Amino acid sequence: MSQRKKIKALLESTETNVEITVKGWVRSFRNNQFIALNDGSTNNTLQVVVDFENTDAALLKRITTGAAISATGLLVESMGKGQRVELKAKEIEILGDCDPESYPLQLKNRPSLEFLREIAHLRFRTNTFGAIFRVRNSLSFAIHQFFQERGFVYLHTPIITASDAEGAGETFHVTNFDLANPPKTDTGEIDFSEDFFARPTNLTVSGQLEGELGAMALSDIYTFGPTFRAENSNTTRHLAEFWMIEPEMAFYDLNDNMDLAEALLKYVIKYALDKNADDLAFLSQRLAEEEKQKPQQDRSEMSLIEKLEFCLNNDFERLTYTEAINILKESTPNKKKKFQYLVEGWGTDLQSEHERYLVEKHFKKPVILTDYPKAIKAFYMRQNEPDANGNETVRAMDILFPGIGEIVGGSQREERLDRLEKRMDEMGIPKEELWWYLDTRRFGACPHAGFGLGFERLVLFVTGMGNIRDVIPFPRFPKNAEF
RNA sequence: UCCUGAAUAGCUCAGCCGGUUAGAGCAUCUGACUGUUAAUCAGAGGGUCGCUGGUUCGAGUCCAGCUUCAGGAGCCA
């Protein structure tokens, strides 16, 4: 029996008149004669030509959209237009039937993304989702390669933690209790001392604090794993379970941190452009067609590929929060009161519309905002000296991407024990619980920095998709944990 | 969680000012054709109009509540 070949390889090969075997799923069966076969190695299909006059009618009937088949025959130059090579089948075997009456995925119907979300177990079989998940795979691999090339250590931080580290974000509780009848203390409260971990625990909202511990010995580490937030967020940019990349680097300041983040983003985008040219061309085309439905002024000036290349070829705009506020104050939409939230004073957080104005209208490229007001940022960020106006800021940086908003959030960390403890007191962060974190500031503390990159937001940007639920295989969001 | 909108055939949608038997395209099935490329041609089957209640002689259509979905906002990555 001839060896099975992947369709991607066959379509790229120049060798013809050789006997090969392909296995895959039928995308369409035209004219009782032409099977468009896909095996997920590429979006393109191999045309398998069936000699229908000499094939059992019962077998022909079983070649239906979605059926898994094996085909063996000669790879020949195609007699028809539209493809270079095709497989002249000598033998067709049905590996798995697919009942056309009940199979929900009929591609000719142009199913909507919303419908495909309901059949997420089958949506991998569409061109769009095939492309998305191959790109997601490449980005994932490129992230590891980027850090590995630079000597970073991939550190596995815990999924179950006892600390709600940043105090930000609702957590999912982890317990082994019988929820109908948990042990109670004398005062009627739930007695966690009898639970599996003998204390309240939750799914991690960030691996950062543990990451810092690693960096204080290994110099440069990164995490890449799932993260959980139990917030009731219903947006196109949030998930209850998402993947995050969190590097942490000893002896880095904020500028080093920004340089690394920018280099990482450019590296992985370049990698996808090189490795997934076909998939991105398809997704670019898909986006262009979607944009045609929009009114002229809402359409993007650049195609997806152009946007990605633009990102590679331009430095991200770096400015401080204070500079951004001044630009926004003087901006046309602010003066004409077009913003829903007008920018008046210093100190409040930027709204989505403000970030969007800076990125999409003013600079028209990725923007890195630094030195945010201390009051609106986490306790562990390094405190700057107050400026001439007495404004207090921290060494934070957020990278804002067009259409996505915040894709990276990071900072130089506060390494000075006294400043850190004072800030924790002010913000009501329990120092006793984080004794291990504070130990790094007691024993050989050094300047260090890190950031978090939302992986799905990156995939969203690179694929040009509009909803984060479409770039993770099985999205978790409020009221939904199907599959 | 808040705001706005939506829910009609397997899918994508139409259904006007409330009116008698609920429409199209695609998909599916049957047949024809056989180098097709979203194949083509002819025919057929397919509906608890999201759920509950209300108004009315009469509700897919109007009203209320609920559910789910989408877009936007907040929180953020």
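Quick caveat, the model's predicted, so the values are computed rather than measured. Residue numbers begin at 1 in each chain, while the letters A, B, ... track the order of the sequences.
At least one side-chain nitrogen or oxygen of S112(A) sits closer than 4.0 Å to the OP1 or OP2 atom of U12(B). Look at N467(A) and you'll find a side-chain N or O under 4.0 angstrom from OP1 or OP2 of G71(B). Under 4.0 angstrom from either OP1 or OP2 of C29(B) there lies no side-chain N or O belonging to K61(A). Contact annotation: R27(A) does not reach the phosphate of U37(B) (side-chain N/O to OP1 or OP2, under 4.0 Å). Taking side-chain N and O atoms only, N31(A) has no distance below 4.0 Å to OP1 or OP2 of U36(B). Contact between the side-chain N/O atoms of Q351(A) and the OP1/OP2 oxygens of G74(B) is found at a separation under 4.0 Å. Under 4.0 angstrom from either OP1 or OP2 of A27(B) there lies no side-chain N or O belonging to R110(A). Note on S352(A): a side-chain N or O is less than 4.0 Å away from OP1 or OP2 of G74(B). OP1 and OP2 of U36(B) both lie 4.0 Å or more from every side-chain N or O belonging to R30(A).
If you run ring pair (Phe, Tyr, Trp, His ring centres under 6.0 Å) between F224(A) and each of Y154(A), F242(A), F455(A), F146(A), only F455(A) comes through.
Among the nucleotides C69(B), U36(B), C76(B), the one closest to any side-chain atom of R229(A) is C76(B). Each of U28(B), A73(B), C69(B) was ranked by its minimum atom distance to the side chain of R117(A); first place goes to C69(B). Looking at the side chain of E101(A), the nearest of the listed nucleotides G71(B), C29(B), G35(B) is C29(B). Distance from the side chain of F115(A) is smallest to C11(B) among A39(B), U1(B), C11(B). Comparing G71(B), G35(B), C11(B) by their nearest atom to the side chain of N109(A) picks out C11(B). Among C75(B), U37(B), C69(B), the nucleotide with an atom closest to any side-chain atom of F477(A) is C69(B). Of the candidates G35(B), C75(B), A70(B), A70(B) carries the atom nearest the R469(A) side chain, counting heavy atoms from C-beta on. For Q33(A), whose side chain is taken as the heavy atoms from C-beta onward, the closest listed nucleotide among G35(B), U30(B), G74(B) is G35(B).
Residue K81(A) is in base contact, counting any heavy-atom pair closer than 4.0 Å across all strands shown. Within the 4.0 angstrom heavy-atom criterion, no nucleotide atom of any strand lies near E241(A). Counting non-hydrogen atoms under 4.0 angstrom, T235(A) reaches a base of the nucleic acid.
One interatomic measurement links the two molecules: CD of E406(A) to P of C75(B), which rounds to 11 Å at whole-angstrom precision. Distance, N232(A) CG to C76(B) C1': 14 Å, rounded to whole Å. Atom P of nucleotide A70(B) and atom CG of N480(A) are separated by 9 Å, given to the nearest angstrom.
Salt-bridge formation is not detected for the pair E241(A)/R229(A): no Lys NZ or Arg NE/NH1/NH2 atom is positioned less than 4.0 Å from an Asp or Glu carboxylate oxygen. The pair E262(A)-R318(A) counts as a salt bridge, with a side-chain nitrogen and a carboxylate oxygen less than 4.0 angstrom apart.
Across every strand in view, G47(B) sits unpaired, with no contact that passes the Watson-Crick or G-U test at under 3.5 angstrom. The partner of A14(B) cannot be assigned: no Watson-Crick or G-U wobble pair with both contacts below 3.5 Å exists in any strand. When both pairing distances are held under 3.5 Å, G58(B) makes no Watson-Crick or G-U pair with any nucleotide shown. Nucleotide A73(B): paired with U1(B) (Watson-Crick or G-U wobble, both distances less than 3.5 Å). C33(B): no Watson-Crick or G-U partner with both key distances under 3.5 Å is found in any strand. Pairing for A6(B) is with U68(B), a Watson-Crick or G-U wobble pair whose two hydrogen-bonding atom distances lie under 3.5 Å.
Defined by atom type and a distance below 3.5 Å, a donor-acceptor pair is present between the side-chain atoms of Y267(A) and Q145(A). Y222(A) and Q148(A) are linked by a side-chain donor-acceptor pair at a separation below 3.5 angstrom, with hydrogens and angles left out of the test. D51(A) and N54(A) share a side-chain donor-acceptor pair at under 3.5 Å.
The shortest side-chain heavy-atom distance between E355(A) and E360(A) does not fall under the 4.5 Å cut-off.
Rounded to whole Å, the separation between the P atoms of A22(B) and G46(B) comes to 13 Å. Rounded to a whole angstrom, the distance from the P atom of A59(B) to that of U52(B) is 15 Å.
Between the base of G35(B) and the side chain of K88(A) there is a donor-acceptor pair shorter than 3.5 Å.
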